[in-house]
2 protein chains.
Amino acid sequence: MDRATEIRKTAISLFAEQGYRGTSMKDIASALNMRAPSLYNHLESKQELLREVVMGTITRLRADFDAATSEASDPVDAVRRATAVHVLLHARHPDETRIGNREIPSIDEPVRTEYLRQRAEYSNAWQSLVQTGIDAGAFSVPSPKFAVFAILEMGIGVANWYRPDGELSDVEIGAYFGELALQMLGRHDEGFGGK
Amino acid sequence: MDRATEIRKTAISLFAEQGYRGTSMKDIASALNMRAPSLYNHLESKQELLREVVMGTITRLRADFDAATSEASDPVDAVRRATAVHVLLHARHPDETRIGNREIPSIDEPVRTEYLRQRAEYSNAWQSLVQTGIDAGAFSVPSPKFAVFAILEMGIGVANWYRPDGELSDVEIGAYFGELALQMLGRHDEGFGGK
DNA sequence: CCTACCGATCGGTAGG
DNA sequence: CCTACCGATCGGTAGG
């Protein structure tokens, strides 16, 4: 692993643990037995490190969603797969996703606005997916908008409590939460979008 | 409203918007047309403001839980009520709850450890409540521990999207999420804890 | 409630 | 990759 990558890994770990503003360039350098000014041979600014983390994570989340839903055979399957990849990203990259959720005020403009726009697009894609399922008669839910918020937030929360040595693996939690999501959407019996 | 209260309200609003470390004492003072040193006539330190917010919020959350569950007639009713008060606190105090969830790294020791201990106790009380329901035959759930995490996190998330002018009121969302929680726990039909 | 001020720390640059 | 250093900002104190 080259130095630039080591620096980024260390920064992500420290930002997640101490917060972006609670982590100094000296902290990052010390963890690598370097001096702070030497870091600048590998990066432009501290803010660049944050930007790479948050934009990389939202890009990955949206790509995973698109891949998962395009493989699906029907809305029920699509929700199951989308929930699973949403949960998996948060279980496997808890530091990155926590930074993306907690450090919004630390992102400088214009990146912050762009980041929030991408998050809104992700949320909108979920709303559309569920609406498609409702139109197809696959779901029955009093408030689809709030049900989607609930599904997304419960998946985001996985980053706060998932432990690799816990009783369920990340894949099992993804599958389990997929079923919970379908319950919350009032999935009709067979799950083939027909009824 | 006296000055000390105004300062605390302003601080909560700014901490939620800009982060604790992204908010200077000068920012708080400027919002009140004061100079930063004058704030110290009404408080001991910036950290005191953070401590009051996070400890006050977790204390309130635990008290609401205790009140809600002690009024309940059976485990199903208890979960419904506990979910409602959990959601209500997050909908009505989004700034305070967001600070409590995002600013953990900014809380100085020994308060941070005490705060995390109280959060763990709240989570444990929820686990016990659900276990009581399982023992009484009221719920059927493959992984009660993860179902409780999911319920709590979906309620915490309400602070991130609830708007008072939205299509459902806070009380309606509390009731709705209470039903979602019972679905997630596999509530048996009549909900009287018997079967 | 103010002005004047302090020591500490910060992100980042110069120059080698 | 280092030392030396810069201007800016921070939380907080002194003294009135």
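Below, chains carry the letters A, B, ... as their sequence lines are ordered, and counting in each starts from 1. These numbers come from the heavy atoms of this one structure, side chains and all, not from hydrogens, waters or symmetry mates. Computed from a predicted model, the values in this text were never measured in an experiment.
- In this structure, of dC1(D), dC2(C), dG11(C), it is dC1(D) that holds the atom nearest to the side chain of M34(A).
- Remark: C1' of dC10(D) and CZ of R35(B) are 17 Å apart, rounded to the nearest angstrom.
- The side chain of S24(B) sits closest to dC10(D) out of dG11(C), dC1(C), dC10(D).
- Taking a 6.0 Å sphere around CD of E71(A), one finds it holds more than 12 heavy atoms contributed by other residues, nucleotides or ligands.
- The separation between M25(A) atom CE and dA8(C) atom P is 23 Å, rounded to whole Å.
- When distances are taken from the side chain of S38(A) to each of dC1(D), dC1(C), dG11(D), the shortest belongs to dC1(D).
- Judged by Watson-Crick or G-U wobble contacts below 3.5 Å, the nucleotide dT9(D) has dA8(C) as its partner.
- Remark: side-chain polar atoms of Y20(A) are paired, donor with acceptor, to backbone N or O of Q47(A) under 3.5 angstrom.
- Residue P37(A) places its side chain closer to dG12(C) than to any other of dG12(C), dC2(C), dG11(D).
- Rounding to whole angstrom units, CZ of residue R21(B) and C1' of dG11(C) are separated by 16 Å.
- Put simply, CG on D108(B) is 12 Å from C1' on dG11(D), counting in whole angstrom units.
- Nucleic acid contact class of R3(A) (heavy atoms, under 4.0 Å, all strands): sugar-phosphate only.
- With a 3.5 Å ceiling on both atom-pair distances, the Watson-Crick or G-U wobble partner of dG15(D) is dC2(C).
- Rounded to whole angstrom, the span from the CG atom of L43(B) across to the P atom of dT13(D) amounts to 11 Å.
- Nucleotide dG12(C) holds its P atom 8 Å from the NZ atom of K46(A), rounded to whole Å.
- Checking dC1(D), dC1(C), dT13(D) against the side-chain heavy atoms of Y40(B) singles out dT13(D) as nearest.
- Taking the six-membered ring for Trp, Y122(A) and F65(A) have ring centres closer than 6.0 Å.
- Taking 4.0 Å as the cut-off between side-chain N and carboxylate O, K9(B) and E6(B) do not count as a salt-bridged pair.
- The neighbour count for R112(A) CZ, taken as heavy atoms of other residues, nucleotides or ligands under 6.0 Å away, is above 12.
- Between L32(A) atom CG and dC2(D) atom P there is a gap of 11 Å when expressed in whole angstrom units.
- Taking atom CD of residue Q47(A) and atom C1' of nucleotide dG12(C), one finds them 14 Å apart after rounding to whole Å.
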